[in-house]
Amino acid sequence: MSSDFINLRVTGISQGVIVDKTVADCLPSVDWHFMGGRVVAVLDPAFVGMIDLAEFIGGPSCFAASVSPWNYCRVALRKLKLSTTPDGKLRISINNLDA
C-alpha cells in the first residue's frame, strides 16, 4: 500500500478501510464501527451524535461505491445528487466525489 493511504481500523470489518493519509490526519480520535452498511463513529450511547466517515470526507450525500465498499479514498467515493428537470420530474445522478 502506498504511503499516501492508511488502513483505518474499523470494528466489524477485519481488514479495516482505506483512507487518504491527509484525511486520516484530520479525523477525530474516535472508534469507527461498521453499522448498517456505513462506517460511523458513535459519539454518545443514545446514538444522538454520529459521524459518517464518507460524509465527513466528502460532505452530505457521499458514500463508498459498492464495487469497493472498503475504499474511502476521495477518488473512490461517490456523491448522490438530486435535481429537477424543466418539466418538474426528479432527476437522481451519482457522480465521483471529485467530478
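Just so you know, these numbers use all the heavy atoms, side chains as well, and skip hydrogens, waters and symmetry mates.
Side-chain N/O atoms of Asn96 and Arg78 include a donor and acceptor closer than 3.5 Å. In summary, the side chains of Thr22 and Asp20 do not present any donor paired with an acceptor at a separation below 3.5 Å, with no hydrogens or angles considered.
Distance check, rounded to the nearest 0.5 Å: SG of Cys26 to NZ of Lys21 gives 10.0 Å. With values rounded to the nearest 0.5 angstrom, Leu27 atom CG is found 8.5 Å from Ile51 atom CD1. Distance check: Leu90 CG to Ser83 OG gives 7.0 Å after rounding to the nearest 0.5 Å.
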Chi angles and distances behind the side-chain contact (heavy atoms from CB on, under 4.5 Å) call for Leu53, Leu8: CA-CA 11 Å; Leu53 181 59; Leu8 181 68; 3.9 Å; yes

Tyr72/Phe56 under side-chain contact (heavy atoms from CB on, under 4.5 Å): CA gap, chis, key distance, verdict: CA-CA 11 Å; Tyr72 277 73; Phe56 181 87; over 6 Å; no

In residues 12-19, what donor-acceptor pairs under 3.5 Å come from side-chain atoms, sequence neighbours left out?
none

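Proximity of a side-chain donor or acceptor of Thr85 to a complementary backbone N or O of Lys89 within less than 3.5 Å is detected. With Lys79 contributing its side chain and Pro60 its backbone, the two residues share a donor-acceptor pair below 3.5 Å.
Looking only at side-chain heavy atoms (C-beta outward), Cys62 and Ile57 stay at 4.5 Å or farther from each other.
Considering all non-hydrogen atoms of both residues, Ala54 and Ala64 come closest at CB-N, 4.4 Å.
Note on Phe63 and Ile92: same hydrophobic cluster, where clusters join Ile, Leu, Val, Met, Phe, Trp and Tyr whose side-chain heavy atoms are under 4.5 Å apart, directly or indirectly. By the criterion of side-chain heavy atoms lying less than 4.5 angstrom apart, applied directly or through intervening Ile, Leu, Val, Met, Phe, Trp or Tyr residues, Leu82 is grouped together with Ile94 in one hydrophobic cluster.
Applying the side-chain hydrogen bond (donor to acceptor under 3.5 Å, both in side chains) test to pairs two or more places apart or on separate chains, those with a residue in residues 30-52 are Arg38-Asp52.
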